[in-house]
Amino acid sequence: MALGETITIPENVHGYPEVAFGGWVAGLLAGRSGAQTVRVDFRRAVPVGSPVVLPPADGERVTLTDTDGTLLVEAAPSSLTVAAPPAPSWSEAKRATETALSSPKRPVTDCYGCGVDVAPGRGLRLFPWALPDRQIMAAAWTPDQGLADEFGELPPEVVWSTLDCPGGIAAWVFSKLGQGAFTAALTATQFQPVLAGAEYIAYAWPLHGEGRKRTVGVALSTPDGDLCALAEALWIGPRPA
């Protein structure tokens, strides 16, 4: 039996069925690390609805294991070299989200991040779509009060969740990443509080790719373009059949 705090990730906090949402797990560990910039590496899939363990932190290094002590996720201090391009305007982001919601190509899922079939407060309801004039995936977003703490501020696991799906969708659309891909690593920093009821723009762009790997940049900003959070994400596509 692994030593530490036993937690159970709620069943609604999933991307693929029965698999915990990567950005949420990453934010949970990042918040406990306390480092300004944190890299989170996913070693194995994290289940929802089943106990997992947060062992005692080793300084700013934090891990998540299963109940037998097998390493699932690890987080450690890091740095970011990615620079965010200028944020899309609020009107551009809003049009992108409207296009996403009206497109017959958009799958109807209950993904915690980008699922349409999710009640407000039970998921982000973040709906990115490609801008027509450049390789940026964007979404206009107003977080529901149900995602916030008692002071109206979003916890790290919710903020980091906004840095997950937009990057994966950017990799699928712009870099031809195969369906069934997953977040392998997420490095991020948060610059300012993110508040329920305020307006934000989530956007992502491709950086580079090799083989099954795609690296993307992801940002969350205010409508005025002030960065709230910035990330670099590594996504890995499925193995060829």
Side-chain angles (χ1 to χ4, degrees), residues 4-10 12-15 19-43 46 48 52-65 72-80 82 84 111-114 118 121-126 139 141-168 183-198 200-204 216-222 226-234:
E5 178 187 355
T6 299
I7 65 170
T8 300
I9 297 171
N12 64 295
V13 184
H14 69 82
V19 178
F21 191 73
W24 195 96
V25 174
L28 178 70
L29 269 61
R32 290 173 179 250
S33 166
Q36 181 175 356
T37 303
V38 179
R39 176 179 169 121
V40 179
D41 287 279
F42 296 87
R43 303 305 184 191
V46 179
V48 296
V52 290
V53 179
L54 284 161
D58 179 10
E60 293 179 320
R61 180 178 179 272
V62 183
T63 59
L64 184 72
T65 73
L72 302 176
V73 189
E74 59 183 329
S78 189
S79 60
L80 276 172
V82 62
C111 170
Y112 178 81
C114 62
V118 177
R122 296 276 292 172
L124 301 188
R125 296 181 55 82
L126 184 65
W141 185 56
T142 303
D144 186 84
Q145 184 64 48
L147 299 170
D149 62 20
E150 64 269 31
F151 304 108
E153 184 174 339
L154 304 191
E157 52 266 35
V158 177
V159 176
W160 279 59
S161 291
T162 69
L163 305 172
D164 198 352
C165 282
T183 312
L186 185 60
T187 305
T189 188
Q190 183 175 342
F191 301 110
Q192 59 178 294
V194 179
L195 306 177
Y200 296 97
I201 298 168
Y203 62 109
V216 294
V218 193
L220 184 71
S221 79
T222 68
D226 295 329
L227 284 180
C228 300
L230 177 65
E232 180 178 305
L234 172 63

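Quick note: numbers below take in every heavy atom, side chains included, and nothing from hydrogens, waters or symmetry partners. Residue numbers run from 1 in the order of the sequence given.
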Yes or no on side-chain contact (heavy atoms from CB on, under 4.5 Å) for Trp160 and Val38, after CA distance, side-chain angles and deciding distance? CA-CA 11 Å; Trp160 279 59; Val38 179; 4.0 Å; yes
For Thr162 and Val218, work out which heavy atoms get closest and say how close. O-CG1, 4.2 Å
Side chain Ser33, main chain Ala76, donor-acceptor under 3.5 Å: no
Is any side-chain heavy atom of Thr183 closer than 4.5 Å to a side-chain heavy atom of Phe21? no
First locate atom CG of Leu220, then atom CH2 of Trp141, and finally report the distance between them rounded to the nearest 0.5 Å. 6.5 Å
Let me confirm one number: the CG-CG distance from Asp144 to Leu154, rounded to the nearest 0.5 Å. 10.0 Å
Separation of Leu230 CG from Gln190 CD (nearest 0.5 Å): 11.5 Å
Interatomic spacing from CZ in Arg125 to OG1 in Thr142 - rounded to 0.5 Å: 11.5 Å
For Ala20 and Val25, the nearest pair of non-hydrogen atoms, with its separation, is CB-CG2, 3.7 Å
Where Thr187 and Ser79 come nearest, the two heavy atoms and their spacing: CG2-O, 3.8 Å
In Å, rounded to the nearest 0.5 Å, how long is the span from CD1 of Ile7 to CG of Leu64? 5.5 Å
Residue pair Ala185 / Phe42: nearest heavy atoms and the distance that separates them: N-CD1, 4.3 Å
Taking the side chain as every heavy atom from C-beta outward, state whether Leu126 and Pro166 have any atom pair closer than 4.5 Å. yes
Ignoring hydrogens, what is the shortest heavy-atom contact between Ala231 and Val82? Give both atom names and the distance. O-CG1, 4.0 Å
Test Cys111 against Val118 for side-chain contact (heavy atoms from CB on, under 4.5 Å), laying out the working first. CA-CA 7 Å; Cys111 170; Val118 177; over 6 Å; no
Answer yes or no: are there more than 12 heavy-atom neighbours, outside Gln192 itself, under 6.0 Å from its atom CD? yes
Run the side-chain contact (heavy atoms from CB on, under 4.5 Å) test on Leu195 and Glu153 for me, step by step, so that the C-alpha distance in whole Å, both residues' side-chain angles and the decisive distance to 0.1 Å come before the verdict. CA-CA 5 Å; Leu195 306 177; Glu153 184 174 339; 4.1 Å; yes
Once rounded to the nearest 0.5 Å, what's the spacing between atom CD of Glu157 and atom CG of Leu29? 10.0 Å
Would you say Ser161's side chain and Gly113's backbone share a donor-acceptor pair under 3.5 angstrom? no
Step-by-step side-chain contact (heavy atoms from CB on, under 4.5 Å) determination, Glu74 to Thr63: CA-CA 4 Å; Glu74 59 183 329; Thr63 59; 4.0 Å; yes
Search all heavy atoms of Gly152 against all heavy atoms of Gln145 and return the closest pair with its distance. CA-NE2, 3.7 Å
